[in-house]
Each structure stands twice: as structure tokens, then as C-alpha cells.
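Only one structure is covered here, and it is reproduced in the block below.
Chain identifiers are assigned alphabetically (A, B, ...) following the order of the sequence lines, protein sequences preceding nucleic acid strands; residue numbering begins at 1 within each chain. Predicted model only: the values in this text are computed from it and were never measured.
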Number of protein chains: 2
Amino acid sequence: MGDRPAQIVAAARELLECGGPEAVTMRAIADRLGIRAPSLYKHLPDKAAVEAALQAEGLAVLADMLEEAEAGLGGEPPLPVLAEVFRRFALENPHLYRITGRPLARESLPEGLEARAAMPLVRAVGGDPDLARAVWAFAHGMVILELDSRFPPGADLAGAWRAGCTAFAAYAVGGASGSGATLRARAQST
Amino acid sequence: MGDRPAQIVAAARELLECGGPEAVTMRAIADRLGIRAPSLYKHLPDKAAVEAALQAEGLAVLADMLEEAEAGLGGEPPLPVLAEVFRRFALENPHLYRITGRPLARESLPEGLEARAAMPLVRAVGGDPDLARAVWAFAHGMVILELDSRFPPGADLAGAWRAGCTAFAAYAVGGASGSGATLRARAQST
DNA sequence: TCTTGCTAGCTAACAGCGTTAGCCTTAGAG
DNA sequence: CTCTAAGGCTAACGCTGTTAGCTAGCAAGA
């Protein structure tokens, strides 16, 4: 009964969520399935395969959340909403996010998943790939620095997010809505 | 003869640079010093101490480079220059940069080092801490995504850097130098 | 019906990791 | 001359991922 590979990944995910990356051990996975570690290798080539599967899972969840948020926004500016969703995903699944953000085993990832996760952001900035990459880097940086407690304790992270989103939004719209000064004033009041 | 702790850190750094983080092994460090691994514990409490020292070293090098760049710029806008230096540091010392960007053992870091590395950036954006953090996140994100090969092969990273710097510079100057559209035009031509 | 072969488990083991316990040699101080 | 402490050493422990080789059960073919 049951699809062993899927069970293995599910067990790994549970371990990851309770105990962090170092709790994801071949022996611990096997324990959870009531078998011994070497038996796992009848279903998987190595531990990297488990990690790749977790990576894909994380990416898929993120893509789902971003697409849902994108669909749900009316006329409001997309960038702050997507940023909020992005951050929420990371804070709610910190270990999964870190896995997702590892060197990335492209060849063992479902075809097109990476692009799917990226598209909402690209659309939000009007299709400019340079800008999309810059925004992605900003969001990833904010999240990873927060997860790693690299910001000084008590730093106003919401303010930093606001500053970044405002700056990028202004660049995206090409200045149609006013000068940087008014944008900055608007950011303060939000 | 010689300061064993310093020798240990130096050996660790050499190992890190040739073989990456997983080459930094207590046994490998000891080998390089002509002693056995357990003897290291006469000089250090554990491996985390070595990593903390490497982290401090990386942070210090980065701070030096940023400060030097800051001193060397005439009237030109600081952000792109600092960004370039930041990126160069990361690409020239990829493993060290990754170590530097780990959860960070604050208490075992030299007093004020973290602030020293951050200050050039804060000054470059005119003292706004929110903006400084956003820019830092952007730079860190760009670098870590590049190191992890997360950008699609062939992506124009220089363009992404330019987009980010331009957007943040516009936000920083408060729109005194014109609309987003002109800024974007300027970015293309640089 | 008997045999064959595959699936999926098992135990034992290996190499490498960080780390601890305990021994021994050497150098310097009283 | 003795005592102490520093800094080496070996042996070992528990952990990791992983391999080799054995075996119970089951399904298909002769």
C-alpha cells in the first residue's frame, strides 16, 4: 500500500518542519516509516533526491500562494501585496524556504515550476526582466536576512519592505505618478 | 612558536578557499598544522569558534573594501560603486561570503565590526535606515542568488544591478533629479 | 506444481564527521 | 629538585550517508 517515494518526502517534510534541516536524516525518515535507513535506497538514489523533492514542494507552495494573491488583487498595486505574501510564506515555513533557496537542482525540478514561481513577480513589474530580478533579489534578501536574524534586533522591517517596494514601484511605473519625494511621503503614511 | 589560534583560523581559511565549506574539517585543519584533530581543542572550544572567526574575517575584509571605495569616490553617486565593490568581494571570495552570511554569532564578533561594515551603505543612502536595509537586502539577494546560480543562465545581471541601484538612488534623492522615466533612461545609457 | 526472478525489506559494515577521556612529554616556576 | 600546566598524543563514542550481501514473499512461466 502507498507510494513509498511520496511517503519518504512527506516524512522528510515533517522532520524538516519540526526539527529543521539537521533533523532530516535518512535514519529519522526511515524510523518514521517503520523501516531501516538502507531500505530507503530501494526507492531513491541518495539524500540529494529527497532534498530536491522538498525544494520542488516549497517552490510549488510559493507559486500557489503568489498566484492566488495575484488573482485576488483588484486595482491595487501588486508589488506590496506579493511582497507580503512572499514574506509570509518564508516566515511560516522558514526551513522549507531555506531549502528552496539552496543551490537548486534544476534538472530534477518539475519542468516549468521555476518559471511559474517567478511569473507573478515579472507581471507585477510590467514585464521588465531586469527589474523583476532586482525585486526578487530584494525580497529574497529581506527574507533571508530576517530568518538569519541579521537585522539588528528591533529594526523596523516593515519600513524596509515599504521603502523597497516604493522605490521599485516608482521605477516600474516610470514616474507617471510623481516624483520620488511624493512617493516617499506616501510610503511613510501607509 | 606562533599563535596557535591564529594559525588554526588561517588554515581554516585556506581550506575554505580551495575546497569550500565542506573541506573545512577539524581533521583537515589539524593536518595542515602537523598535529592531530583532538589537539585543536586545547586552543578552541569547538568548530563553531572557527566558523565565527572566519565570519569575522570576512566581515572585516568587506568593511575594508567598502571603506576604501567610499574614500575613493569623488562627486559621483556612491550606490553603484559600493554595489560593484560588494559584488566583487562576493565573487572573489564566494565561500567566505557565504560564511559571512550565515546566522552570525553576534556575541563572538569583534565589537562594532558589524556596524562598521554597514556604515558606508547607510551613508550612501543619506542616513535613512529603512532604505539602507532595503538596499542591503537587495545587494545580498543579488549576490547570493548569483552564487547559487539561481538566475537563469545568461541573465543580464549587470542590468538587474543597474535597475536596483537606479530605483534606490531615485528614492534616496527624493526625486530632485527628475521622474522615474528619465532615471530609467539614464540607467539604460550607463 | 515447481521454479524462477523481482521487490523490498533486513543486518553488518565502512568511511568520515565532531568531540571526549585519559595518558605522556616537555618547559618553566618555586 | 620538584611541581604544575601546556600541548601534544591514542583510543574511542555516537552520529552521518551509503554499500554489500542476504532473505522473505509474491507473481509469472514452463
For the side chain of A/H43, starting at C-beta, report the closest nucleotide among C/dC17, C/dG22, C/dA8.
-> C/dA8
Nearest-Å distance for atom pair CD/C1', residues B/E22 and C/dA15 = 16 Å
State yes or no: are the ring centers of A/F138 and A/F86 separated by less than 6.0 Å?
-> no
For A/I35 and C/dT7, what is the distance between atoms CD1 and P respectively, to the nearest whole Å?
-> 16 Å
Among A/L113, A/I99, A/L96, A/V50, whose side-chain contact (heavy atoms from CB on, under 4.5 Å) with A/Q55 holds?
-> A/I99
Atom-pair distance (CG on B/D3; C1' on D/dG7), nearest Å | 14 Å
Of the candidate nucleotides C/dC17, C/dT19, D/dG17, which contains the atom at the shortest distance from the side chain of B/D46?
-> C/dT19
Measure from CE on A/M26 to P on C/dG9 and round the result to the nearest Å.
-> 13 Å
Are the side chain of A/D64 and the backbone of A/E67 linked by a donor-acceptor contact shorter than 3.5 Å?
-> no
Counting just side-chain N and O atoms, does A/R36 come under 4.0 Å of either OP1 or OP2 of C/dT11?
-> yes
Return yes if the base of C/dG18 and the side-chain atoms of B/K47 contain a donor-acceptor N/O pair under 3.5 Å, otherwise no.
-> no
Mapping A/A28 and A/P38 onto DNA chain D by nearest heavy atom, which one lands closer to the 5' end?
-> A/A28
D/dG7 P sits how many Å from B/I8 CD1, rounded?
-> 10 Å
Grab the CG-C1' distance between B/L40 and D/dC9 for me, whole Å please.
-> 13 Å
A/R88 with A/E84: basic N within carboxylate O range, under 4.0 Å | no
First of A/R27 and B/R27 reached from the 5' end of DNA chain C, by closest nucleotide = A/R27
D/dC15 C1' sits how many Å from A/D31 CG, rounded?
-> 14 Å
Side-chain N or O of B/R4 closer than 4.0 Å to phosphate OP1/OP2 of D/dG8 = yes
Without swapping roles, check the side chain of A/T166 against the backbone of A/R162 for a donor-acceptor pair under 3.5 Å.
-> yes
Return the nearest nucleotide to the side chain of A/S39; candidates are C/dC10, D/dT16, D/dC9.
-> C/dC10
A/K42 NZ to D/dA24 P, in whole Å, measures 14 Å
Sugar-phosphate, base or nothing in reach of A/V24, heavy atoms under 4.0 Å = sugar-phosphate
